[in-house]
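This is a predicted model, so every value here is computed, not measured.
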Amino acid sequence: MKSYEKESTYINENRDNLDSTKYKAILSEREDIIDKLENEVNKIDYNELEYFKTNLLSYTSQIRNNISNYGDTIDTSNEYKYESLLISSIQEYYEFINKIKTA
């Protein structure tokens, strides 16, 4: 969540001066978080948590795909792509949480 907050703050505070290099650094930090999270989740070996594990890995995979699909095309002239990536990532998080709630 802090990563999304950082991204949102960056977009809102720099709307007129978005820098794709700085934004890609934020995405790179998120990928590092995902790497660490996946590493820890893959260590889970408990049958009762299999649904959680599967859904969390699905979520991290979708976020990684979002970053690779949008991250390379981000540039300063396409502000909507910054917002689109943020919104889609938050939506994926929301869907993950709802799956876990209804399990």
Side-chain angles (χ1 to χ4, degrees):
M1 290 310 296
K2 289 203 180 275
S3 177
Y4 295 137
E5 183 179 348
K6 181 177 182 177
E7 181 179 1
S8 175
T9 300
Y10 176 76
I11 291 171
N12 287 328
E13 290 177 355
N14 297 284
R15 192 162 297 284
D16 295 328
N17 191 24
L18 291 168
D19 181 339
S20 61
T21 303
K22 289 180 182 177
Y23 189 73
K24 287 179 182 180
I26 293 169
L27 297 180
S28 180
E29 289 175 16
R30 181 163 308 133
E31 285 181 308
D32 291 344
I33 292 168
I34 289 172
D35 290 342
K36 291 174 186 174
L37 183 59
E38 287 175 340
N39 186 39
E40 293 303 313
V41 169
N42 281 320
K43 293 178 185 177
I44 295 174
D45 186 21
Y46 184 61
N47 228 11
E48 307 257 334
L49 289 177
E50 194 60 36
Y51 183 78
F52 172 79
K53 178 181 176 179
T54 301
N55 280 293
L56 183 55
L57 290 173
S58 174
Y59 162 71
T60 58
S61 175
Q62 290 169 339
I63 297 305
R64 193 180 300 283
N65 286 340
N66 285 350
I67 291 171
S68 69
N69 289 339
Y70 286 98
D72 292 339
T73 62
I74 294 288
D75 63 46
T76 54
S77 64
N78 292 319
E79 175 185 313
Y80 72 92
K81 287 187 179 182
Y82 291 83
E83 293 169 341
S84 177
L85 178 55
L86 175 61
I87 291 168
S88 66
S89 295
I90 291 173
Q91 182 179 4
E92 295 293 339
Y93 179 76
Y94 176 77
E95 289 177 18
F96 163 69
I97 294 299
N98 279 331
K99 285 180 185 176
I100 299 305
K101 281 182 172 179
T102 58

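- Side chain of T60 to main chain of L57: a donor-acceptor pair is present (N/O by atom type, distance under 3.5 Å, no hydrogens or angles).
- Minimum interatomic distance between Y4 and I90 (heavy atoms only, all atoms of both residues): CG-CG1, 4.1 Å.
- Minimum heavy-atom separation, N66 to S88: ND2-OG, 3.5 Å.
- N39 places a side-chain heavy atom less than 4.5 Å from the side chain of K43.
- Scored by the salt bridge (charged side-chain N to carboxylate O under 4.0 Å, His left out) test, K6 finds E29 as partners (sequence neighbours excluded).
- Between the side chain of S89 and the backbone N or O of L85, at least one donor-acceptor pair lies under 3.5 Å.
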- Message: If you apply the rule salt bridge (Lys or Arg N to Asp or Glu O under 4.0 Å), what do you find for E5 with K2, and how did you get there?
- Response: CA-CA 5 Å; E5 183 179 348; K2 289 203 180 275; 5.1 Å; no
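- S61 approaches E38 most closely through the heavy-atom pair N-OE2, 4.1 Å.
- No side-chain donor-acceptor contact under 3.5 Å links S28 to the backbone of K24.
- Atom CD1 of I67 is separated from atom CD of E31 by 4.5 Å, given to the nearest 0.5 angstrom.
- Between K53 and D45, no side-chain nitrogen of the basic residue sits less than 4.0 Å from a carboxylate oxygen of the acidic one, so the salt-bridge criterion is not met.
- Counting only heavy atoms from C-beta outward, the side chains of I100 and N55 approach each other to under 4.5 Å.
- I87 and I34 fall into different hydrophobic clusters, where Ile, Leu, Val, Met, Phe, Trp and Tyr residues are linked whenever their side-chain heavy atoms come under 4.5 Å apart, directly or through other members.
- Screening residues 91-103 for side chain to side chain donor-acceptor pair (under 3.5 Å), with sequence neighbours left out, gives Q91-E95, Y94-N98.
- Note that CD of E7 is 10.5 Å distant from CD of E83, once rounded to the nearest 0.5 Å.
- The hydrophobic cluster containing I33 does not contain I26, counting ILVMFWY residues as joined when their side-chain heavy atoms lie under 4.5 angstrom apart, directly or transitively.
- Panel note: side chain Y82, backbone I11; no donor-acceptor pair is recorded below 3.5 Å.
- N12 CG: more than 12 foreign heavy atoms inside a 6.0 Å radius.
- Distance check, rounded to the nearest 0.5 Å: CG of N14 to OH of Y23 gives 12.0 Å.
- Taking the salt bridge (charged side-chain N to carboxylate O under 4.0 Å, His left out) definition, one finds that K36 meets it with nothing, sequence neighbours left out.
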